[in-house]
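Note that these values count all heavy atoms, side chains included, but never hydrogens, waters or copies made by symmetry. Naming: A, B, ... by sequence-line order, numbering from 1 per chain.
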2 protein chains.
Amino acid sequence: MESISQTEENYLKAIYKIAERAEKPASTNAIAAAMSTSAASVTDMIKRLSEKDLVNYERYRGVTMTKTGQKIATTLIRKHRLWEVFLVEKLDFSWDEVHDIAEQLEHIQSRELITRLDEYLKFPRFDPHGDPIPDEDGVFTFRKQVLLAEMEEAEEGVIVGVHDHTSDFLQYLDRMKLTLGTEIKLVERYAYDDSIKMLLGDSKEIVISKKVSQHLFVQKK
Amino acid sequence: MESISQTEENYLKAIYKIAERAEKPASTNAIAAAMSTSAASVTDMIKRLSEKDLVNYERYRGVTMTKTGQKIATTLIRKHRLWEVFLVEKLDFSWDEVHDIAEQLEHIQSRELITRLDEYLKFPRFDPHGDPIPDEDGVFTFRKQVLLAEMEEAEEGVIVGVHDHTSDFLQYLDRMKLTLGTEIKLVERYAYDDSIKMLLGDSKEIVISKKVSQHLFVQKK
DNA sequence: AAGTATTTTTAGGTTAATCTAAAAATTTAT
DNA sequence: ATAAATTTTTAGATTAACCTAAAAATACTT
Ligand SMILES: [Mn+2]
Ligand SMILES: [Mn+2]
Ligand SMILES: [Mn+2]
Ligand SMILES: [Mn+2]
């Protein structure tokens with residue numbers, strides 16, 4: 001088993017996320033954008049990953065992942081999300097502060113460490129942003145959820161995740177008391193700009209923009 | 001402030017430990033041995049560190065650290081030891097398993113993370129091996145301690161640290177119930193091979209070799 | 001289908017961190 | 001104080017990860 005650098009790990013994670021979402025090969029440009037690097041560098045790295053059988057690559061045809069590559073990517077995602085839980089639950093960080101630190105912690109190499117961390121955190125299934133934490137085999141818990149923007153008037157549900165992970169958005173949600181677990185009921189949608197009036201818990205009513213509604217995942221009641 | 005690579009950090013820590021112990025400049029060869037690398041590589045790196053004003057370097061004269069370099073080194077040691085406490089206290093690792101993981105964790109960049117970790121661990125002053133954890137300013141708690149080998153017959157004390165951090169030694173200590181905090185009384189020293197008979201707590205008597213006695217720190221009663 | 005735009009690859013170069021082999025300086029021994 | 005041994009530095013290469021600019025392939029338009 002040859003060693004895999006942090007950079008290679010990061011590429012694999014990026015490719016996984018792109019290819020997963022699109023259900024088709026990841027393009028050089030898409031990877032370059034995700035990694036904030038040049039297309040030339042991506043081609044370079046792809047060749048190396050392909051050489052190590054971590055991705056399948058055909059010139060001009062894009063990249064897909066091998067089983068081995070997928071395993072590395074999902075393990076990395078697992079580690080990232082477990083560390084985020086640790087930072088929020090144990091060290092009392094807020095959900096908008098943990099991503100960058102987890103981005104580093106996810107590269108710590110120790111199977112045992114993750115096993116024990118998982119146990120210490122009581123085997124969480126979701127991270128602080130509501131994203132599922134894959135198990136040791138890379139299997140994600142599936143949860144039936146919709147974007148708030150897709151709900152109908154009078155429907156009720158619970159906020160379970162975010163589609164935008166920026167600090168700005170997360171801090172906005174904190175200020176609006178739109179944290180995970182909050183029960184909501186869609187009161188009215190204003191056709192003019194698709195803004196939404198909704199009920200939080202069973203007391204406060206607030207209005208949110210279309211943009212916000214497109215970045216919140218809700219589990220319907 | 002230019003960025004410092006993990007490799008540079010590791011060199012600084014190694015140089016710090018060498019120069020600290022010897023109270024004189026660290027030699028190229030000593031650094032090479034500590035880093036398991038060639039003398040040529042060390043010369044190379046030293047020049048770069050010197051360029052960044054992290055060490056003082058004169059050709060053929062060895063290396064000493066600047067204030068900035070020292071700060072980086074002690075911060076690294078602080079982080080390493082805090083993580084070791086975390087691994088043992090919270091994740092239930094044993095003291096012979098934590099070094100390699102801490103060796104990675106010490107490079108995570110986040111001031112806030114360390115502040116919170118320190119708080120979470122209740123501001124420990126010593127790590128699982130009895131080594132002092134420097135404060136934010138790089139100041140170590142000093143503790144009056146002697147090697148068990150230097151004690152006289154009939155003297156009493158408490159085991160507070162180890163001078164050898166290898167797994168083999170730590171596991172041997174576990175098996176012999178010579179863990180930190182154990183109270184001991186030196187019963188007799190056998191002149192033939194300088195082995196020592198001692199009392200553990202106030203019940204069991206055991207005999208240890210000279211070598212073992214030279215690797216255990218004791219705080220005299 | 002040809003021409004234009006876009007994407008991707010190649011070519012050639014840089015920097016950090018390493019190496020081995022050889023040269024130079026310093027230290028130790030005679 | 002010379003010679004021998006040791007330490008340290010220099011020289012020259014290599015590899016991973018990046019870059020820019022140019023060439024090649026593919027995709028989109030008319
Ligand atoms: Mn994250
Ligand atoms: Mn997350
Ligand atoms: Mn250690
Ligand atoms: Mn330690």
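The distance between atom CZ of Arg59(B) and atom P of dT26(C), rounded to the nearest whole Å, is 8 Å. In this structure, CG of Asn10(A) is placed 11 Å from P of dA17(D), rounded to the nearest angstrom. For the pair Tyr60(B) OH and dT28(C) C1', the computed distance is 17 Å after rounding to whole Å. Computed from coordinates, the Lys52(A) NZ to dT15(D) P distance equals 14 Å when rounded to whole Å. The interatomic distance linking Ile4(B) (CD1) with dA17(C) (P) rounds to 11 Å, in whole Å. If you take CZ of Arg61(A) and C1' of dT6(C), they are 15 Å apart, rounded to a whole angstrom. Between the CG atom of Asn29(B) and the C1' atom of dT9(D) there is a distance of 12 Å, rounded to whole Å. One interatomic measurement links the two molecules: CD of Glu8(B) to P of dT18(C), which rounds to 10 Å at whole-angstrom precision.
Contact between the side-chain N/O atoms of Tyr57(A) and the OP1/OP2 oxygens of dT9(C) is found at a separation under 4.0 Å. For Ser27(A) and dT7(C), the shortest distance from a side-chain N or O to OP1 or OP2 is not below 4.0 Å. A close approach under 4.0 Å does occur between a side-chain nitrogen or oxygen of Tyr11(A) and OP1 or OP2 of dC18(D). Applying the 4.0 Å criterion to OP1 and OP2 of dA17(D), one finds that Ser5(A) has a side-chain N or O inside that range.
You'll find the side chain of Leu54(A) stays beyond 4.5 Å of the side chain of Glu8(A), heavy atoms only. Residues Leu170(B) and Asp174(B) form no side-chain contact, since every pair of their non-hydrogen atoms from C-beta on lies 4.5 Å or further apart.
With salt bridges taken as basic N to acidic carboxylate O contacts below 4.0 Å, one links Arg116(A) and Glu112(A). Using a cut-off of 4.0 Å between Lys/Arg side-chain N and Asp/Glu carboxylate O, Lys220(B) and Glu155(B) are scored as salt-bridged. For Lys13(B) and Glu106(B), the salt-bridge test passes: some basic side-chain N is under 4.0 Å from an acidic carboxylate O.
The cationic atom of Lys211(A) (NZ for Lys, CZ for Arg) does not lie both less than 6.0 Å from the six-membered ring centre of Phe169(A) and within 45° of the ring axis.
Using bins of under 30°, 30° to 60° and over 60° for the plane-to-plane angle, the ring pair Tyr120(A)/Phe86(B) lands in the perpendicular bin.
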Atom pairs and distances, side-chain donor-acceptor, residues 126-139 of chain A, under 3.5 Å, sequence neighbours left out:
{"unit_1": "Asp127(A)", "atom_1": "OD1", "unit_2": "His129(A)", "atom_2": "N", "d": "2.7"}
{"unit_1": "Asp127(A)", "atom_1": "OD1", "unit_2": "Gly130(A)", "atom_2": "N", "d": "3.1"}
{"unit_1": "Asp127(A)", "atom_1": "OD1", "unit_2": "Asp131(A)", "atom_2": "N", "d": "3.0"}
{"unit_1": "His129(A)", "atom_1": "ND1", "unit_2": "Glu84(A)", "atom_2": "OE1", "d": "3.0"}
{"unit_1": "His129(A)", "atom_1": "NE2", "unit_2": "Trp95(A)", "atom_2": "O", "d": "2.8"}
{"unit_1": "Asp131(A)", "atom_1": "OD2", "unit_2": "His165(A)", "atom_2": "NE2", "d": "2.7"}
{"unit_1": "Asp135(A)", "atom_1": "OD1", "unit_2": "Asp137(A)", "atom_2": "N", "d": "2.7"}
{"unit_1": "Asp135(A)", "atom_1": "OD1", "unit_2": "Gly138(A)", "atom_2": "N", "d": "3.1"}
{"unit_1": "Asp135(A)", "atom_1": "OD1", "unit_2": "Val139(A)", "atom_2": "N", "d": "3.0"}

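A pairwise comparison of heavy atoms in Val63(B) and Ile31(B) identifies CG2-CD1, 4.2 Å as the closest pair.
The stretch residues 34-50 of chain B comes close to DNA chain D through Ala39(B), Ala40(B), Thr43(B), Lys47(B), each having a heavy atom under 4.0 Å from the strand. In the region residues 16-26 of chain A, proximity to DNA chain D at under 4.0 angstrom, judged on heavy atoms, holds for none of the residues.
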